[in-house]
Every structure is written in C-alpha cells, then in structure tokens.
Peer 1: 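What follows is a structure written as structure tokens; I'll ask about it next.
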Amino acid sequence: MPDKRPLRDDLQATLDARRDLGPEYEAALVESFVERLDATIAARVRAELDHHGAAPHKKSTPGSAMIPIALGSMGIGIPLTAIAAGNAGLVGLTITWIAIVIINVAAAGAIMRRN
C-alpha cells in the first residue's frame with residue numbers, strides 16, 4: 001500500500017527534481033509521479049469499496065448489450081439511406097445496408113464471445 005505522504009508533496013518533489021535534473025529526465029519523472037498517483041487512487045477506491053461494500057453486479061444478457069448498437073444502426077442508417085439512394089441509387093443503397101449488417105453481425109459476435 002502506498003505511504004500516506006500527500007500527493008502535493010510528491011508533485012512538488014517531482015517539479016523540484018525536474019528543475020534540478022533538466023528536461024531530459026522529464027518523461028521518467030512524470031511516469032514516476034503518475035504511477036504514484038495511480039496507486040493512491042487505487043488505494044482510495046479500495047478503501048471506499050471496503051467501507052461501503054461493492055455494489056452488486058447486474059448480470060446483463062447478450063441481447064441487452066445489442067440494443068444500443070441496433071438503435072445506433074437505425075439512427076445512422078436512415079440518413080445514410082437517403083444519401084446513398086440520392087447519390088448512387090440502388091447500388092449505393094445496397095452497399096450501405098450490407099455494411100450496416102456486417103457491422104451489426106461483427107458487434108453481435110464480439111458481444112457473444114465476451115459473454
């Protein structure tokens with residue numbers, strides 16, 4: 001667990017070291033500070049979860065994950081249909097909806113593999 005030294009002190013030490021060492025060490029100093037910041041945030045989150053208890057996880061079904069994708073496809077599909085049909089006719093319309101179907105099938109496959 002990280003020590004209890006305030007992050008403000010760490011930041012000041014990082015800035016002082018950067019001033020003393022020069023800009024060629026800047027990346028290493030920033031990386032060191034970011035690691036300390038990540039550790040502090042993780043410790044605080046763990047402490048909050050321990051104090052309040054973790055929220056129960058909802059088990060989502062694969063179908064519920066597809067709802068935003070399907071609605072987004074319809075929302076994008078309507079204007080794309082108008083553009084494709086107006087500019088390229090039936091060929092453009094066909095290509096547009098084939099692409100939308102492929103994207104939806106790929107998204108569904110990824111969701112199914114994830115679950």
Peer 1: Would you say the side-chain atoms of Ser32 pair up with the backbone N or O of Ala28, donor to acceptor, closer than 3.5 Å?
Peer 2: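 No, the answer is negative, given that no donor and acceptor are paired below the 3.5 Å cut-off.
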
Peer 1: For Glu48, what residues pass the salt bridge (Lys or Arg N to Asp or Glu O under 4.0 Å) criterion, not counting sequence neighbours?
Peer 2: none

Peer 1: Please name the pair of heavy atoms, one in Ala65 and one in Pro68, separated by the smallest distance, quoted to 0.1 Å.
Peer 2: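 Minimum heavy-atom contact is O-CD, 3.4 Å.
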
Peer 1: Roughly how far, to the nearest 0.5 Å, is the CG atom of Asp10 from the CZ atom of Phe33?
Peer 2: 6.5 Å

Peer 1: Please report the shortest heavy-atom distance between Ala84 and Leu93, naming the atom on each side.
Peer 2: CB-N, 3.8 Å

Peer 1: Mind checking the CZ-CG spacing from Arg18 to Asp16? Nearest 0.5 Å is all I need.
Peer 2: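 One gets 12.0 Å once the value is rounded to the nearest 0.5 Å.
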
Peer 1: Output the rest of the hydrophobic cluster of Val105: all Ile, Leu, Val, Met, Phe, Trp and Tyr residues reachable through side-chain heavy-atom contacts under 4.5 Å, sorted by chain and number.
Peer 2: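 Joined to Val105, directly or through intermediates: Val101.
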
Peer 1: Find out whether Val30 and Thr14 are in side-chain contact, i.e. whether some heavy atom of one side chain is under 4.5 Å from a heavy atom of the other.
Peer 2: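 Result no, sub-4.5 Å side-chain heavy-atom pair not found.
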
Peer 1: If I take atom CG from residue Leu71 and atom CE from residue Met66, how far apart are they, to the nearest 0.5 angstrom?
Peer 2: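 One finds 10.0 Å between CG of Leu71 and CE of Met66.
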
Peer 1: To the nearest 0.5 angstrom, please state how far the CZ atom of Arg114 sits from the CE atom of Met112.
Peer 2: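 Going from the CZ atom of Arg114 to the CE atom of Met112 covers 11.0 Å.
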
Peer 1: What's the separation between atom CD1 in Ile69 and atom CE in Met74, rounded to the nearest 0.5 Å?
Peer 2: 14.5 Å

Peer 1: To the nearest 0.5 Å, what is the distance between CG (Leu80) and CD1 (Ile95)?
Peer 2: 12.5 Å

Peer 1: Who passes salt bridge (Lys or Arg N to Asp or Glu O under 4.0 Å) against Arg44, sequence neighbours left out?
Peer 2: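 Arg44 satisfies salt bridge (Lys or Arg N to Asp or Glu O under 4.0 Å) with no other residue.
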
